[in-house]
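Since the structure comes first, as structure tokens, the remarks are kept for the end.
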Amino acid sequence: MNSEPSTLSTAYRTHTCGALRPEQIGAHVALAGWVQNWRDHGGVVFVDLRDRHGLTQVVFNPEIAPDSHRLAHTVRSEFVLRIEGEVIPRPEGTVNPSLPTGEIEVSVNRAEILNAAKTPPFMVDELGEVAENLRLQYRYLDLRRQPMQQTLIFRHRLTTLVRAFLDQWGFLDLETPMLTKSTPEGARDYLVPSRTHPGHFFALPQSPQLFKQLFMVAGFDRYFQITRCFRDEDLRADRQPEFTQIDMEMSFVEPEDIYRLIEEMMAGIFKKLMDIELPRPFARLTYTEAMDRCGLDAPDIRFDLPLVDLGGVFADTEFKVFRGVLDTGGIIKGLNLKGGARLSRKEIDDLLEVVKVYGARGLAWIKVSAEGWQSPIVKFFSDDESRALGERMGAVPGDLLLFVADKAAIANEALGRLRVHLAKMTGLIDEEAFSFCWVTDFPLLEYDAGERRHVAIHHPFTAPRDEDVALLESDPGDVRAKAYDLVLNGIEVGGGSIRIHRREVQEKMFSLLNIGDEEAREKFGFLLDALEYGAPPHGGIAFGLDRLVMLLQRLDSIRDVIAFPKTQKATCLLTGAPSTVQARQLRDLGIKPA
RNA sequence: GGGGGCGUAGUUAAGUUGGUUAUAACGCCGGCCUGUCACGCCGGAGGCCGCGAGUUCGAGUCUCGUCGCUCCCGCCA
């Protein structure tokens with residue numbers, strides 16, 4: 001019998017275009033869909049009728065239905081067609097094994113063009129590359145194409161699974177406002193003018209952070225929401241001004257509770273959607289370990305190419321460049337690219353360009369061979385230094401040693417990015433692999449030299465680790481946070497923290513961030529007040545849904561997992577947004593035209 | 001704000017040191033064709049070479065500017 005749910009049948013159709021099988025042979029059916037292709041043999045006409053469920057070949061035979069056959073000659077690509085007819089087996093030798101419906105076809109008795117279609121600006125049925133601006137302008141046609149359909153259906157299945165999972169774990173899907181209050185810190189807000197309060201503005205949420213904390217104060221205990229967030233910053237291949245978070249928050253938890261929940265959730269997603277067994281528990285690195293070994297707070301642990309600190313080796317060096325860096329508080333780190341000695345001078349110069357992007361001024365190198373070391377800098381090293389260096393880096397003939405000496409932030413990022421670059425370049429990465437890790441114990445604060453104050457690394461509501469609370473007064477930069485990121489293949493897919501649930505700690509935090517009492521009261525008074533009415537210990541995490549789907553589908557652009565994305569200049573090529581508005585609208589808002 | 005890449009029929013691309021009428025494939029239009037499914041065969045139309053200046057006897061090609069798309073840095077608690 002038909003395995004397709006009868007809920008898919010409507011006044012127009014009995015089945016979808018992917019449903020029919022030999023079991024339905026003899027049945028009188030009705031199909032509706034788009035003309036994928038037609039093959040007019042003068043006599044018999046074949047039409048491939050497509051909807052999102054599949055493709056069915058329908059046959060117009062002049063001897064069976066002359067009127068329909070005449071109509072079939074006028075059919076063109078992407079016409080919307082409804083047909084009625086009989087499911088028949090395909091004649092001997094004409095079965096199409098590459099189609100799920102390939103054993104049958106529908107012999108048409110009646111046909112109706114529900115809507116004609118202009119010739120599309122690009123071919124909907126072919127998978128070839130089309131300029132992205134054209135795809136975005138005619139997004140409704142682009143979305144009709146197979147890859148986009150597949151991705152958005154995958155996205156739906158993922159969110160459906162997440163909702164079911166979180167429901168099972170006792171989470172409540174609760175909504176938070178889209179029109180809310182602009183707050184200091186963080187990204188630039190998208191602002192919405194208030195008509196009823198001229199000169200006042202709402203902000204679109206950068207995340208539901210404070211509201212979900214208030215849900216915890218309210219005793220809802222476990223909250224989640226799959227919701228839009230807005231940040232008015234410049235775009236990247238993996239960044240859109242509006243994006244979707246899987247946002248969650250729990251009461252009475254420590255980080256271990258979050259890890260357990262999320263590993264279970266991810267394992268379920270991978271198993272059910274991709275039939276992949278994720279190894280558990282996920283790897284864990286502290287922030288410090290991640291920076292030491294990988295130079296980045298989002299380490300890619302699919303391959304082993306550790307950064308090595310060489311401060312000890314060169315502690316007493318007289319090599320001016322290294323000496324200067326060490327004396328001004330910088331670091332010297334290196335990595336050993338096994339087999340890298342075969343790289344040409346040109347290829348090494350190209351590596352310099354890679355690190356320059358991140359601010360490194362130089363990239364020192366040593367080619368290790370049986371005859372000795374080839375390098376522009378070894379002549380400045382003492383014998384002891386060279387020996388210690390070779391030992392520390394495990395250098396053997398054939399290796400290429402690469403170094404950056406700079407401020408810690410620059411040296412780490414430059415080498416960290418170089419590490420990934422080299423791994424991709426030399427095929428060290430298993431492109432099939434999905435490798436998760438937790439990065440834990442982030443610093444709570446970071447000193448911003450430009451603003452001459454501390455800024456929150458995660459956000460101002462993140463709790464310090466209990467044993468570090470005392471350091472808040474003496475060494476705020478050394479305080480570790482109860483904050484964690486989930487990293488997949490070197491890309492942050494989620495992050496969260498245990499929150500501050502006591503008013504005095506939150507006030508202390510604001511003061512460390514140089515947010516005065518008055519400003520704190522004005523911007524965050526409602527939160528401070530709430531913390532005084534029995535706020536439970538709580539914490540949570542949020543995932544970038546778009547980025548997650550992008551990674552799981554092995555896509556390179558976040559735009560390919562969003563139905564209607566913005567261009568890099570944050571415009572919508574489909575609608576033409578943003579646009580000017582009528583003077584009247586501005587007047588109502590008390591805004592003077594620019 | 002800064003750096004890089006791209007822009008040629010509807011689409012995807014080719015286009016030599018600057019040199020006749022700017023090519024091809026797919027698509028589109030017309031005709032033929034009763035078992036195709038990348039249908040086939042015959043014929044045809046289709047170009048502001050992103051836009052604007054400049055250099056030149058001559059610009060798709062070189063220069064400058066500009067617009068659009070894109071990748072990256074800054075930015076993104």
Less than 3.5 Å apart, which donor and acceptor atoms pair up between the side chains of residues 486-501 of chain A and the rest of the protein, not counting sequence neighbours?
residue   : atom : partner   : partner atom : Å
Asn489(A) : OD1  : Ser435(A) : N            : 2.8
Asn489(A) : ND2  : Ala433(A) : O            : 3.1
Ser497(A) : OG   : Thr462(A) : OG1          : 3.2
Ser497(A) : OG   : Arg499(A) : NH1          : 2.6
Arg499(A) : NE   : Glu249(A) : OE1          : 3.3
Arg499(A) : NE   : Glu249(A) : OE2          : 2.8
Arg499(A) : NE   : Ser497(A) : O            : 3.4
Arg499(A) : NH1  : His459(A) : NE2          : 3.3
Arg499(A) : NH1  : Ser497(A) : O            : 3.3
Arg499(A) : NH2  : Glu249(A) : OE1          : 2.7

Residues in contact with RNA chain B, drawn from [range] - heavy-atom cutoff 4.0 Å:
range: residues 39-53 of chain A; value: Arg39(A), Asp40(A), His41(A), Gly42(A), Gly43(A), Val44(A), Phe46(A)
range: residues 177-191 of chain A; value: Gly186(A), Ala187(A)
range: residues 68-100 of chain A; value: Arg76(A), Ser77(A), Arg90(A), Pro91(A), Thr94(A), Asn96(A)

May I ask you to say what [X] touches in the nucleic acid, namely base, sugar-phosphate or nothing, with a heavy-atom cut-off under 4.0 Å?
X: Thr56(A); result: nothing
X: Gln206(A); result: nothing
X: Arg559(A); result: sugar-phosphate
X: Phe461(A); result: nothing
X: Leu55(A); result: nothing
X: Val357(A); result: sugar-phosphate

Say you pick atom [atom1] in [N] and the same atom in [M]; how far apart are they, in whole Å?
N: G19(B); M: G43(B); atom1: P; result: 32 Å
N: C6(B); M: U61(B); atom1: P; result: 14 Å
N: C41(B); M: A59(B); atom1: P; result: 41 Å
N: G31(B); M: U23(B); atom1: P; result: 28 Å
N: G46(B); M: G10(B); atom1: C1'; result: 9 Å

Return the nucleotide paired to [N]: Watson-Crick means purine N1 to pyrimidine N3 with N6-O4 or O6-N4, wobble means G-U with N1-O2 and O6-N3, both under 3.5 Å.
N: U66(B); result: G50(B)
N: C26(B); result: G10(B)
N: U21(B); result: none
N: U34(B); result: none

Keeping the roles fixed (side chain from Lys212(A), backbone from Met248(A)), state whether a donor-acceptor pair exists under 3.5 Å.
yes
For the ring pair Phe524(A) and Phe461(A), is the centre-to-centre distance below 6.0 Å?
yes
Output yes when [X] and [Y] qualify as a salt bridge under the 4.0 Å nitrogen-oxygen rule, no when they do not.
X: Arg13(A); Y: Glu84(A); result: no
X: Asp238(A); Y: Arg559(A); result: no
X: Asp349(A); Y: Lys346(A); result: no
X: Arg521(A); Y: Asp517(A); result: no
X: Glu78(A); Y: Lys118(A); result: no

When you measure from the side-chain N and O atoms of Asn37(A) to the phosphate of C39(B), is any distance below 4.0 Å, counting only OP1 and OP2?
yes
For Arg417(A) and C73(B), is the shortest distance between a side-chain N/O and OP1 or OP2 below 4.0 Å?
yes
Checking only heavy atoms, does the side chain of Glu105(A) share a donor-acceptor pair with the base of G35(B) at less than 3.5 Å?
yes
Do Arg239(A) side-chain and C76(B) base share a donor-acceptor contact under 3.5 Å?
yes
What residues, two or more places apart in sequence or in another chain, satisfy side-chain contact (heavy atoms from CB on, under 4.5 Å) together with Glu233(A)?
Ala187(A), Arg188(A)
Please list, chain by chain and in numerical order, all residues satisfying side-chain contact (heavy atoms from CB on, under 4.5 Å) with Val45(A), sequence neighbours excluded.
Asp40(A), Val47(A), Phe60(A), His69(A), Ala72(A), His73(A)
Option passing side chain to side chain donor-acceptor pair (under 3.5 Å) with Arg480(A) (candidates Asp468(A), Asp441(A), Thr286(A)):
Asp468(A)
Where the side chain of Thr119(A) is concerned, which of G27(B), C71(B), G74(B) is the nearest nucleotide?
G27(B)
Picking from C76(B), U34(B), C69(B), the nucleotide nearest the side-chain atoms of Glu233(A) would be C76(B)
How would you list, by chain and number, every residue that makes a ring-ring contact (aromatic ring centres under 6.0 Å, His included) with [X], sequence neighbours excluded?
X: His454(A); result: Tyr447(A)
X: His53(A); result: none
X: Tyr287(A); result: Phe442(A)
X: His421(A); result: none

How do Gln57(A) and Thr567(A) order along RNA chain B: which one's closest nucleotide is nearer the 5' end?
Gln57(A)
For Asp125(A), enumerate each residue passing the side chain to side chain donor-acceptor pair (under 3.5 Å) test, keeping only those at least two apart in sequence or located in another chain.
none
Along nucleotides 3-11 of chain B, 5' to 3', which nucleotides get a B, which get an S, and which get a -, given that the test is a protein heavy-atom distance under 4.0 Å?
-------BS
